[in-house]
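Report on the structure given below.
Here is how names work: the chains are called A, B, and so on, in the same order as the sequence lines, proteins then strands, and each is numbered from 1. Worth saying up front: this structure is predicted, and the values here are computed from it rather than measured. Computation of the quantities below employed the complete heavy-atom set of this structure, encompassing side-chain atoms and omitting hydrogens, waters and symmetry-equivalent molecules.
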Amino acid sequence: MARPTLRTMYGRVFGVAVVGVHGHLIKVEAHVGRGLPSLTITGLPGAAVQDARDRVRPAVEGSGLEWPLRRVVVNLSPAGTRKDGPGFDLPIALGVLAASAQVPRRLLSAYAFAGELSLKGELVATPGILAVAIAAARGDLEGVVVPEENLAEAELVEGLHVVAAPSLAAVVGFLRGEEVPRASGSPAPAARADPGSAVDFSEIRGQGAARRALEIAAAGGHNALLIGPPGAGKTMLARRLPSILPTMTRQEALEVTRLHSVAGILTGGGLVGTRPFRAPHHTISPAGLIGGGSGFLRPGEASLAHNGVLFLDEFTEFRRDAVEGLRQPLEDGRIVVARAAGAVEFPARFALIAASNPCPCGFEGDVRRHCRCLPNRLEAYRQRLSGPMLDRVDLQLSVPRLTRSELLGSELGEASSVVRARVEVARDRQRTRLSQTPWSCNSQMPGAMARREARLTDSAEALLSGAVEGLLLSGRSFDRVLKVARTIADLAGREEVERGDVAEALGYRSGARSEEVASVG
Amino acid sequence: MRDSGLGDHHALAVTGGVSDGTAGSKWPRRFVSGTEDREALALLLGLASLTPRRLLEAAQSRRSARACLLAVREGRIGSEGDRAHARAQRGGDILAKLPATESRLVATGDHEYPRELCDLFDPPAGLFVRGWPLPRLEPRVAIVGARNCSSGGREIATMLAAALARAGVCVVSGGARGIDSAAHRGALEAGGTSVAVLGCGIDVPYPRQNRRLLERVAASGALVSEYPPGLPPEPYRFPARNRIVAALSRAVVVVEGASGSGSMITADHVLDLGREVFAVPGAWTSALSAVPHSLIRDGATLIRGADDLLADLGLERASEEARGGEPGTPALGLGVDERKVWDALTEASPPDTVARRTGLPLPSVISALVGLEMRSLIRHVGGRFERRLGDKGSS
């Protein structure tokens, strides 16, 4: 039905737009018509896609192909979605080549194409390729054509034919039926162990209480605040938390890989094998921590810590608005960045570990150095520390700077694998108990449910009500103590929460125990 | 210096000026006689350049407060700023404001003027007092120390003050935060009396957090200040305040102080005055032990608890309750683990050290520590736990 003259002037290929972490199949149409030589891109292209206008022609010509010296219009459809990212260079180039009848159409509708082009026509590593591959699989396409360097990432999606090409010329060759330089078929790369994360709990000497608190945090998915002077080892402790968290499931690893892929921080390709540990500097902007930015919406540090640990050192120094932005992910495990063009969602379920000095000078309560803070500054600092964010922290712990004799007297800790085994058992117990609910660990339970699920023995109950009066526990702290006590019992393999469990949980609320300080002054 | 009690302090006083029967007064006999002199004095006390020492020098030739004020107004003594101030102000206005602040001016030569102040090299010519007359608040012992003290030091100060109060001693201190506040509070809570010597106007609530505490001190004891009402606190006035704290007291107890701090200055005054000095020892690894330890080396008396203090002062303790000092054995009713943990807490230790000493698993140790803490037997300081003082009657 189509007229031959028109058919030769029209080409269509699939590209993928990445919105948040999700890829959307986009039809890239190209039309070569009469008029002065030009290239127009329509259909809500983002800044990076607009850039492709000037990049694609040199790349095509550099690949020994011909750029039609006529008026070229490229349309990205559906027009409603904003298309962003450099991955559109390749589909735009191929669309134009198809419209000018330089490549056969046979394979064009079976593959999705993504990749950034250099001016010489090479395919450059491109962020978000995992999201592209997932979108291609969802769209029932046969395969994807991606830059060579993104091969391992694209191959994580099962049942998809992955063509990894070093250049535009190679892609054209593939479409013409020539030998593909390197196609899929190589064994899927093993889960990648990040050498930087090869840290272990057994490297920590002393700090038994902190180690125990982190074990509880890992077992129940609790957030923690470590308070201690410089040099106490807060960062060292937090850095080792990922090593005792349960091993990631493939689904979790895929989520992490996809986020890291979109953010362009995936190194070496392949599945991210270890839980991420993100420690942003305290000067970070809200957009940097939560995600967003103008134009292309990037996942923030909170999302990059998804399924891992977000460590905020010098917690009191973080911008208030940035910290407040963490409330939503702490409650929902996701971040919704709303823009005029629409809302974008990033997953962000992480363990928050905050660390802070006990006072502005850092040495309050230290045995060797005297704190030189003025009382009113100390007061102001405490107030900043006990702000509304702290209500969302289950475990608060003072980490002392150990003296030489305390260090020498203490033994090295257990290996991470030993602790992790206990954590996994405790997590299983929670999953079983919470199987009828949308939650999977104790920290996620709402207060009412925590009170129901706690199953306190009588003496535990008595201790807790005594604590409410004696230690002035607030309602919120009360629920947090319950949840932590529940996790402690789970670690011990007990269904009932005993008195000792509650007492220990109370030990991890040093904030509630500043009554002595509060009464003086 | 151990024996220089209340009885023989006048022997140390250097006699200067004309005696009017008020033995040892350095001020001329008729320095303040009549309303005009009192008005002049009220104004003179607020002049920054006219330190008590300079005023005393001026008084030797001019003989009356009136004459001194005239000299200031004529620019013969004092700074240019004070001259303008003295010209613009009327002493009568200051005196007229006193009833509103519930205070009164006690001048040298007055009945109420504490004779002990004459021991000073530069005794104040007058004091503003709010509360009970100072001669009714005797005997007096001062407790001083760091503003930025440790919680242990705070507890010691409270406990010693309570013991003194029960023995009928009025506790003098500087009204500042930290050890000072703890001393006042301890005395009041034991039903005793206390005197706070302020470094600002008597109606200036400083530090702000102590407003209510100072009200209570005024109600049961007295607030004292060398400065007229309304004068703001200035750092240079605090050493001068400290000399009055020392002079008003028969003995001074120094609880904590970092070297180079205000506690050291007070201690220097005390030694100059020949008052008895007691010092509470601490760990020599703590910066706050610097002042008490150097005092002990200089001959101050080391005290191990309230008993030592009361015995050395020749006071009976009022009741069994006043005992205290060494961490005592806690009441019965401790669990097995709690008892073991308590016994292991011979020094401030983190939980894992306790676990190693007791052989208990760490979770049990943490549980036991919380139990002991809830009974106020131990205290948590920056990740370590330590015993509290055994004297529970002090609170």
Side-chain angles (χ1 to χ4, degrees), chain A residues 206-213 216 226-229 232 358 363-376 378-379 397-403 405-406 409-411 463 466-467 470-471 488 491-492 498-510 513-514 516-517 520-521, chain B residues 146-151 154-155 158 176-178 181-182 185 207-210 213 256 258-259 283 285-290 335 337-338 347-357 361-376 379-386 388 395:
Chain A
Q207 302 296 12
R211 280 203 308 247
R212 167 78 178 160
I216 295 167
L226 305 175
I227 302 172
F363 291 99
E364 206 250 337
D366 194 62
V367 285
R368 278 170 299 170
R369 278 184 63 173
H370 182 54
C371 166
R372 296 222 165 262
C373 297
L374 293 174
N376 48 353
L378 197 60
E379 205 57 50
L397 195 79
S398 288
V399 184
R401 203 159 56 114
L402 295 183
T403 61
S405 64
E406 280 167 347
S410 46
E411 287 129 36
L463 178 68
L471 299 177
I488 292 171
L491 268 172
E498 289 177 3
R499 184 188 168 85
D501 303 334
V502 171
E504 193 186 343
L506 286 169
Y508 303 120
R509 289 215 70 83
S510 41
R513 293 184 290 162
S514 55
E516 186 179 28
V517 179
V520 172
Chain B
R147 276 183 298 165
N148 200 353
C149 62
S150 72
S151 39
R154 194 180 292 135
E155 228 165 73
T158 309
R177 295 185 60 127
S181 298
R185 197 167 272 129
R208 255 203 333 256
Q209 300 85 341
N210 278 4
L213 177 65
E256 278 182 337
S259 61
T285 45
S286 162
L288 287 168
S289 306
D337 287 357
E338 283 174 347
E347 59 176 340
S349 323
D352 33 345
T353 306
V354 179
R356 201 168 54 249
R357 283 199 204 123
L362 189 68
S364 315
V365 168
I366 295 172
S367 301
L369 286 169
V370 171
L372 290 169
E373 195 186 1
M374 284 174 73
R375 284 175 218 213
S376 303
R379 138 176 17 96
H380 169 252
V381 181
R384 288 187 181 78
F385 290 83
E386 62 189 29
R388 280 171 180 261
S395 53

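Contacts of Leu491(A) with chain B are absent, with no heavy-atom separation under 4.5 Å from either backbone or side chain. Using a 4.5 Å cut-off between heavy atoms, Arg401(A) touches chain B through its backbone atoms (N, CA, C, O) alone. With a 4.5 angstrom heavy-atom cutoff, Leu463(A) touches chain B via backbone and side-chain atoms both. If you measure heavy-atom distances from Pro351(B) to chain A, the contacts under 4.5 Å come from the side chain alone.
With sequence neighbours left out, the side-chain hydrogen bond (donor to acceptor under 3.5 Å, both in side chains) criterion links Asp501(A) to Arg494(A). Residues forming a side-chain hydrogen bond (donor to acceptor under 3.5 Å, both in side chains) with Gln207(A) (at least two apart in sequence, or on another chain): none.
A 4.5 Å side-chain heavy-atom check between Leu506(A) and Met374(B) finds at least one atom pair inside the cut-off.
Of the possible donor and acceptor atoms, one in the side chain of Ser367(B) sits under 3.5 Å from a partner among the backbone N and O of Gly500(A).
Between Arg356(B) and Glu406(A) there is no salt bridge, since no side-chain nitrogen of the basic residue lies less than 4.0 Å from a carboxylate oxygen of the acidic one.
Taking chain A as the reference chain and counting heavy-atom pairs below 4.5 Å, the highest number among Ala182(B), Ala368(B), Pro350(B), Ala287(B) is found for Pro350(B).
Here Leu362(B) contributes atom CG and Glu504(A) contributes atom CD; the two are 7.0 Å apart, rounded to the nearest 0.5 Å.
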- I would like to know whether Thr403(A) and Arg384(B) meet side-chain contact (heavy atoms from CB on, under 4.5 Å); could you show each step before the answer? CA-CA 11 Å; Thr403(A) 61; Arg384(B) 288 187 181 78; 4.0 Å; yes
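Of all heavy-atom pairs spanning Arg212(A) and Ile366(B), the tightest one is CG-CD1, 4.4 Å. Shown here for Gly383(B) and Ser398(A), the closest heavy-atom pair between the two residues is N-CB, 3.1 Å.
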